[in-house]
Structures are given as structure tokens and as C-alpha cells.
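What follows is one structure encoded as C-alpha cells, with my remarks underneath.
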Amino acid sequence: MIRVFLAALLLIPTLLYGQNLQKATFAAGCFWCTEEAFDKLPGVVSTTSGYMGGQKKHPTYEEVSAGTTGHAEVVQVVYDPAKLSYERLLEQFWLNHDPTVTNRQFCDAGSQYRPAIFYHSDEQKRLADASKAKWEKDKPFRQPIVTAIVPAGEFWPAEDYHQDYYKKNPTRYRFYVTGCGRYDRLDQLWGALRKK
């Protein structure tokens with residue numbers, strides 16, 4: 001029942017704002033943190049934490065966390081392209097994850113935390129490839145970029161208690177982010193680029 005409700009929520013922005021909205025999907029480790037990063041951008045209509053890239057239908061958090069379904073934790077972003085470009089979403093993605101590791105982000109390890117851009121169209125793939133090539137040339141760190149660019153699959157919204165976790169549980173969220181060393185590592189990798 002909750003999954004049906006969450007799926008219906010994904011349709012609300014399109015119904016309210018017309019058919020010109022687009023979606024983008026990113027895996028950048030913990031979906032709580034990824035959701036917070038994208039919610040900050042003007043032009044984002046909604047963010048939904050969920051799962052993509054696996055084989056099992058209707059996966060649960062417990063199953064995905066165990067690493068048995070093949071899914072990654074992702075955030076699906078619904079945005080207004082008249083106010084926010086896909087290129088700007090890509091920039092936000094790069095500066096909010098560690099692109100030098102696979103099957104890990106900060107203190108979270110396992111394929112469910114692998115970083116990836118899940119593209120929904122040939123144009124998104126083209127732009128994602130171009131942005132990765134740009135960062136491979138201009139990156140402020142020495143390690144190679146290993147973030148994957150893969151076709152989007154079926155999106156499964158996460159359980160309700162994961163949605164807007166950083167807003168609903170700010171103290172626990174801050175403890176997690178600090179303890180995980182997320183921002184320290186991002187600042188180490190990207191430096192002043194994260195401040196602009």
C-alpha cells in the first residue's frame with residue numbers, strides 16, 4: 001500500500017505543473033544525503049529516495065542493504081528544465097560524491113552504494129558522458145574517475161521513513177553524516193569547487 005502511495009506521489013508534480021517536467025536518477029551513496037544535496041537546487045520539484053539497477057521486483061531496504069538484490073540506493077529527481085538544466089544536476093552530482101571508488105561511498109560499503117548516473121534518454125547519456133570527460137580532464141585530484149554511466153531501469157521508491165530523512169531526523173542525520181566523514185572527504189576531493 002505504501003509503495004502504491006509513493007508511486008502516486010511521483011505523478012503529482014507532473015499533474016500539478018504540466019507535462020514539461022523531466023526526471024533524472026543518481027546514485028551517490030546514502031540516499032538520505034543525496035536527497036539533501038539535490039533538494040537545495042532551485043528548479044527541483046521533488047526528490048524521492050529509492051532503488052534501481054537490480055533484479056528483484058519491489059525490493060525492501062533490508063534486502064538492498066544486504067547486497068543481495070543488485071540495486072543501488074538512488075535518488076530520483078523531478079525537475080523543471082525551464083528553471084534547471086540537466087547539466088547543473090550533473091554538476092551537483094559530481095560535487096556530492098566520491099567518484100574515485102566503486103562499491104563504496106564514505107563509510108558505507110557494498111554494491112548498493114556504488115556511484116552511478118542512471119540516464120533516461122540518449123540526450124542525458126550524451127550530457128553525462130560529456131560531464132564525466134570534463135571532470136576527467138579538470139578534476140582537482142589524482143585518482144581516476146570510476147563512476148558508472150548506465151541506462152535507467154525500473155525505479156522502486158524506498159520506504160516512507162527514508163523520504164526526507166534529513167528533515168524528519170536532523171540530529172540523527174547530522175550524526176550519521178559527520179561520523180561517516182562525508183563532507184570532510186568531499187572537501188578533500190573537490191575543495192573550493194564545493195563552495196561556489
Point to revise | Step-by-step ring pair (Phe, Tyr, Trp, His ring centres under 6.0 Å) determination, F26 to F38 | key: CA-CA 10 Å; F26 302 99; F38 284 104; 4.9 Å; yes

Review point. Are Q76 and T47 close enough, and set up right, to give a side chain to side chain contact (heavy atoms under 4.5 Å, CB included), and what steps lead you there?
Key: CA-CA 6 Å; Q76 191 152 93; T47 55; over 6 Å; no

Exercise for review: Assess whether side chain to side chain contact (heavy atoms under 4.5 Å, CB included) is satisfied between W190 and W94, documenting all intermediate values.
Suggested key: CA-CA 9 Å; W190 300 104; W94 289 112; 4.3 Å; yes

Review point. Side chain to side chain contact (heavy atoms under 4.5 Å, CB included) between L89 and V44: does it pass, once the steps are laid out?
Key: CA-CA 9 Å; L89 289 171; V44 167; 4.3 Å; yes

**Study point:** Criterion side chain to side chain contact (heavy atoms under 4.5 Å, CB included) on M52 and E154, from CA distance to verdict
**Key:** CA-CA 6 Å; M52 187 176 280; E154 189 155 13; over 6 Å; no

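In this structure, L41 CG and L84 CG are separated by 5.5 Å, a value rounded to the nearest 0.5 Å. Taking CD of Q105 as the reference point, atom CG of D108 lies at 8.5 Å (rounded to 0.5 Å). In this structure, NE2 on H97 lies 9.5 Å from OG1 on T34, to the nearest 0.5 angstrom. Summarising the geometry, atom CD belonging to Q112 is positioned 11.5 Å from atom SG belonging to C30; distances are rounded to the nearest 0.5 Å. A distance of 12.5 Å separates OG in S65 from NE2 in H71, rounded to the nearest 0.5 Å.
Defined by atom type and a distance below 3.5 Å, a donor-acceptor pair is missing between the side-chain atoms of W32 and S49. The closest side-chain donor-acceptor pair between N96 and R182, if any, does not fall under 3.5 angstrom. Judged by distance alone, the side chains of Y166 and D39 do bring a donor and an acceptor atom under 3.5 Å apart. When only modelled atom types and interatomic distance are considered, E36 and Y173 share a side-chain donor-acceptor pair under 3.5 Å. Judged purely by distance below 3.5 Å, without hydrogens or angles, the side chains of T68 and E63 never pair a donor atom with an acceptor atom. Side-chain contact of Y165 with E35: a donor-acceptor pair under 3.5 Å is absent, judged by distance alone.
By the neighbour-count criterion of 12 heavy atoms within 6.0 Å, atom CG of D138 is densely surrounded, having more than that number from other residues, nucleotides or ligands. By the 6.0 Å contact criterion, CZ on F175 is open, its count of non-hydrogen atoms from other residues, nucleotides or ligands being 12 or less. No more than 12 heavy atoms of other residues, nucleotides or ligands shown are found within 6.0 angstrom of NZ on K83. Remark: K57 NZ is loosely packed, at most 12 non-hydrogen atoms of other residues, nucleotides or ligands lying under 6.0 Å away. At most 12 heavy atoms of other shown residues, nucleotides or ligands fall within 6.0 angstrom of atom CZ in R172.
For the pair V45 and L21, the minimum side-chain heavy-atom distance is below 4.5 Å. At a threshold of 4.5 Å between non-hydrogen side-chain atoms, the residues H162 and E73 do not count as touching. Counting heavy atoms from C-beta on, the side chains of Y183 and F106 never come closer than 4.5 Å. A 4.5 Å side-chain heavy-atom check between K132 and K137 finds every atom pair outside the cut-off. With a 4.5 Å cut-off on side-chain heavy atoms, F93 and S131 do not count as touching. With contacts defined as side-chain heavy-atom distances shorter than 4.5 Å, the pair H120/K23 qualifies. At least one side-chain heavy atom of F155 sits less than 4.5 Å from a side-chain heavy atom of T48. When side chains are defined from C-beta on, L127 does not count as touching Y119, because their heavy atoms never get closer than 4.5 Å.
With hydrophobic clusters built from ILVMFWY side chains whose heavy atoms lie under 4.5 angstrom apart, L95 shares a cluster with F141. If you chain together hydrophobic residues whose side chains sit under 4.5 Å apart, L186 and I145 fall into the same group.
Without hydrogens or angle criteria, K139 side chain to Q143 main chain gives a donor-acceptor distance under 3.5 Å. Side chain of Q92 to backbone of A37: a donor-acceptor contact under 3.5 angstrom is found. No donor-acceptor pair under 3.5 Å is formed between the side chain of Q22 and the backbone N or O of V78.
Of all non-hydrogen atoms in P99 and L189, the two that sit nearest each other are CD-CD1, 4.1 Å. Taking all atoms of both residues into account, the shortest heavy-atom contact from Y51 to P157 is CE1-O, 4.3 Å. Between G50 and F31, the closest heavy-atom pair is O-CD2, 3.4 Å. Between V101 and P115 the shortest heavy-atom distance is O-CG, 3.4 Å. Heavy atoms only, all atoms of each residue included: P59 and T69 are closest at CB-CG2, 4.5 Å. Of all non-hydrogen atoms in N103 and S111, the two that sit nearest each other are OD1-CA, 3.2 Å.
For the side chain to side chain donor-acceptor pair (under 3.5 Å) test, residues two or more places apart in sequence or in another chain that qualify with D98 are T100, R185.
Between C107 and C180, the SG-SG separation falls below 2.5 Å.
The existence of a salt bridge linking K125 and D129 is confirmed by a sub-4.0 Å separation between a basic side-chain nitrogen and an acidic carboxylate oxygen.
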